[in-house]
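Notes follow the structure.
Along the sequence shown, the residues carry numbers beginning at 1.
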Amino acid sequence: MKNKIKWKLFVPALLLPLAVGGLAALLTGGAMEDYSRLARPPLSPPGWVFPAAWTLLYLLMGAASYLVAAAPVSAERKERALCVYALQLAVNLAWPVIFFKLSACGAAFFWLLLLLVLVLATELLFKHISKTAGKLLLPYLLWLLFALYLNLGVWILN
């Protein structure tokens, strides 16, 4: 028999990354307008793709964190994995501020490298607790690689 969803854990797990994304949007209001005026590298998607992609990625992150929080493993393992997850969320929140508000494309590129390392660490910790949780973070890692390419392109072209 499958485990039932622990709603008191699941809902906050989904809401936390969505709140991070919402706060980032508030802190960088009008960012996509500014972004559209920049010289961008080939394969740059239209502005509407970013909020759609990030919403999906935040939901996947939340689901992954729920699987880890609800897993039948030691509290110490969960805490370590979820602390790295929380750290990457904080780093994630800072990136759009650095890139859009501060217009510091170079610093944002290196910040994004840090985020990539933290997400990779999170993915590894998560997959050792729940293979599904680890897999749920793979689209995030791929998106960050694409974001790294876009960030580098904008930095070089502007």
**OP:** Quick one: do L57 and W54 satisfy side chain to side chain contact (heavy atoms under 4.5 Å, CB included)? Show the steps, please.
**Re:** CA-CA 5 Å; L57 293 170; W54 277 110; 4.1 Å; yes
Return the [atom1] to [atom2] distance between [X] and [Y], rounded to the nearest 0.5 Å.
X	Y	atom1	atom2	result
L152	F109	CG	CZ	5.0 Å
I98	L93	CD1	CG	9.5 Å
N92	L112	CG	CG	9.0 Å
L118	L87	CG	CG	5.0 Å
T28	L23	OG1	CG	9.0 Å

Subject >> Step-by-step ring-ring contact (aromatic ring centres under 6.0 Å, His included) determination, W143 to Y140 >> reply: CA-CA 5 Å; W143 182 258; Y140 184 25; 9.8 Å; no
Taking all non-hydrogen atoms of both residues, which atom of [X] and which atom of [Y] are closest, and how far apart?
X	Y	result
S44	L150	OG-CD2, 3.4 Å
Y149	P41	OH-CB, 3.5 Å
Q88	L115	O-CD1, 3.3 Å
A81	F126	O-CE1, 3.6 Å

Subject >> Test side chain to side chain contact (heavy atoms under 4.5 Å, CB included) applied to R40 and L157, step by step >> reply: CA-CA 7 Å; R40 289 167 288 162; L157 296 171; 5.6 Å; no
**OP:** Quick one: do Y58 and T55 satisfy side chain to side chain contact (heavy atoms under 4.5 Å, CB included)? Show the steps, please.
**Re:** CA-CA 5 Å; Y58 287 134; T55 300; 5.6 Å; no
**OP:** Would you confirm whether N158, through its side chain, and V154, through its main-chain N or O, come within 3.5 Å as a donor-acceptor pair?
**Re:**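 Yes, because the side chain of N158 sits within donor-acceptor range (under 3.5 Å) of the backbone of V154.
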Consider only side-chain heavy atoms of I, L, V, M, F, W and Y, link residues closer than 4.5 Å, and tell whether [X] and [Y] are in one cluster.
X	Y	answer
L142	V117	no
L125	L89	no
W7	L14	yes
V84	L16	no
L141	L43	yes

**OP:** Would you please name every residue forming a ring pair (Phe, Tyr, Trp, His ring centres under 6.0 Å) with W48, sequence neighbours left out?
**Re:** none
Subject >> Partner set under ring pair (Phe, Tyr, Trp, His ring centres under 6.0 Å) for W95, not counting sequence neighbours >> reply: F99, F100
Side-chain donor-acceptor contacts of residues 59-79 below 3.5 Å, not counting sequence neighbours, with atom names and distances?
{"unit_1": "S65", "atom_1": "OG", "unit_2": "G62", "atom_2": "O", "d": "2.8"}
{"unit_1": "Y66", "atom_1": "OH", "unit_2": "K6", "atom_2": "N", "d": "2.8"}
{"unit_1": "S74", "atom_1": "OG", "unit_2": "R77", "atom_2": "N", "d": "3.2"}
{"unit_1": "E76", "atom_1": "OE2", "unit_2": "R80", "atom_2": "NH2", "d": "3.2"}
{"unit_1": "R77", "atom_1": "NH2", "unit_2": "H128", "atom_2": "O", "d": "2.6"}
{"unit_1": "K78", "atom_1": "NZ", "unit_2": "A69", "atom_2": "O", "d": "3.0"}
{"unit_1": "K78", "atom_1": "NZ", "unit_2": "A71", "atom_2": "O", "d": "2.8"}

